[in-house]
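See structure below.
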Amino acid sequence: MRQPGRAHMAQARNPCYLAAMPVFAQLTDFHLRPPGTLTLGEVDTDRLVSAAIDRVNAEHPEIEAVLVTGDLTDLGEEEAYNRAAMLLARFAVPVLVIPGNHDRADVMRDAFAAFPGVATAAVDGKICHATEIGGVTVVSLDTLVANAPHGTVGVEQLDWLDATLAAATGPALVAMHHPPFAVGIGFMDRVSLTDSAALAAVLTRHPNVMRVVCGHVHRTIVGAVGRVPAIAVPGVAHQVHLSLSPEAGPALVMEPPAYGIHIVRDGETISHVAYVDDYGPPIPVARGQTVEAVQ
């Protein structure tokens, strides 16, 4: 259940905080296995996902909702989905989930039936939904193609998206798993979204779309789909190796786990990428004091 008044704590701390300033956290690419099982035999995703949730809760009491942009599990196992749902229940705000290419829609739907929009299909066979949070319409798209690594929105979901954005009375964010833009990493671009141009055509008709946020590529990558800025954020566990060589094959690296923070304010969206790991407390710098003076 949502904790009453939690999003207003920041206002009490900061008199300049604008009331109409919803803040969203974004977590992506959990790749969970059943408890006690390492992902790819190497990565303790259970520990890393748990740490990311705890960090967001500790650092960001101002968030209005959490967007989880796919690949909640690595192999689509029921135990892994149940564990993901249990971990995400630590949040006191709405959690909006969508599948990625590693997910199994049928198993995910059962495990997340109590989460917003999952039990009722806006488009037949898809886990897609629209939720108004703090005056912002968050449209969550399902790009899963069963048993395939690439993604597709599809004609029916594009029609639903078009109608949903037309009905929105304020700004909108679009969340999805596969980035709708080329990322420059060959092995990831080969498993990208197949209908980005069709998506761009829909989004271009709706000037209220502020940003597209996504995952899949396990890195911070900024692009655009049509006129709309888009950002992919890193995973909360492992990351994808940044290799621009066309011959490079898929590889992961244990770079720092991270998450996104998106602020919608005054007709624009501001996006941050923050790290899960603890790098020590903030070091205060007095007004007029140089950074060198505190070193």
Using only heavy-atom distances, determine whether the side chains of R90 and S50 contain a donor-acceptor pair under 3.5 Å.
yes

Is a donor from one side chain sitting under 3.5 angstrom from an acceptor on the other, for S271 and H262?
yes

Nearest atoms (heavy-atom pairs only) where [X] meets [Y]:
X	Y	result
T152	L193	N-CD1, 3.8 Å
D46	R83	OD2-NE, 2.7 Å
F30	L27	CE1-CB, 3.7 Å
S196	V225	O-CG2, 4.0 Å
L173	T269	CD2-OG1, 3.9 Å
L144	G100	CD1-O, 3.3 Å

Please answer whether the main-chain N or O of [Y] pairs with a side-chain N or O of [X] as donor and acceptor at a distance below 3.5 Å.
X	Y	answer
Q239	P256	yes
D44	R47	yes
D54	A51	no
D189	A182	no

Hey, is CE on M86 packed in by over 12 heavy atoms from elsewhere, all under 6.0 Å?
no

Quick check on E156: does its CD atom have over 12 non-hydrogen neighbours (other residues, nucleotides or ligands) under 6.0 Å away?
no

Do [X] and [Y] have side-chain heavy atoms sitting under 4.5 Å apart?
X	Y	value
V213	L67	yes
V209	R227	yes
D71	N101	yes
R211	P229	yes
L75	T73	no
L199	L141	yes
T143	Q157	no
L252	L40	yes

Are [Y] and [X] connected into the same hydrophobic cluster when the rule is that any two of I, L, V, M, F, W, Y join if their side-chain heavy atoms are below 4.5 Å apart?
X	Y	answer
M176	V95	no
I261	V49	yes
V153	M108	no
V183	V212	no
M210	V228	no

Would you call the rings of H216 and H177 parallel, tilted or perpendicular if under 30° counts as parallel and over 60° as perpendicular?
perpendicular

Take the angle between the ring planes of H31 and H102 and call it parallel below 30°, perpendicular above 60°, tilted in between.
perpendicular

Go through the steps for D162 and L158 under the test side-chain contact (heavy atoms from CB on, under 4.5 Å), then give the verdict.
CA-CA 6 Å; D162 198 12; L158 286 169; over 6 Å; no

Between I231 and V222, is a side-chain contact (heavy atoms from CB on, under 4.5 Å) present by the stated rule, with each step listed?
CA-CA 5 Å; I231 183 170; V222 177; 4.3 Å; yes

Straight-line distance of [X] [atom1] to [Y] [atom2], nearest 0.5 Å:
X	Y	atom1	atom2	answer
D110	Y81	CG	OH	11.0 Å
E59	Y259	CD	OH	6.0 Å
E79	R33	CD	CZ	9.5 Å
D106	E78	CG	CD	10.0 Å
D103	I127	CG	CD1	8.0 Å
T69	D29	OG1	CG	6.5 Å

Are the aromatic rings of H238 and H218 close, with centres under 6.0 Å apart?
yes

Given the rule in the side-chain contact (heavy atoms from CB on, under 4.5 Å) test, do L161 and V139 qualify, once you have shown the distances and angles that lead to the verdict?
CA-CA 8 Å; L161 171 65; V139 185; 3.6 Å; yes

Test side-chain contact (heavy atoms from CB on, under 4.5 Å) on T45 and L32; report intermediate values, then the result.
CA-CA 6 Å; T45 50; L32 283 168; 3.9 Å; yes

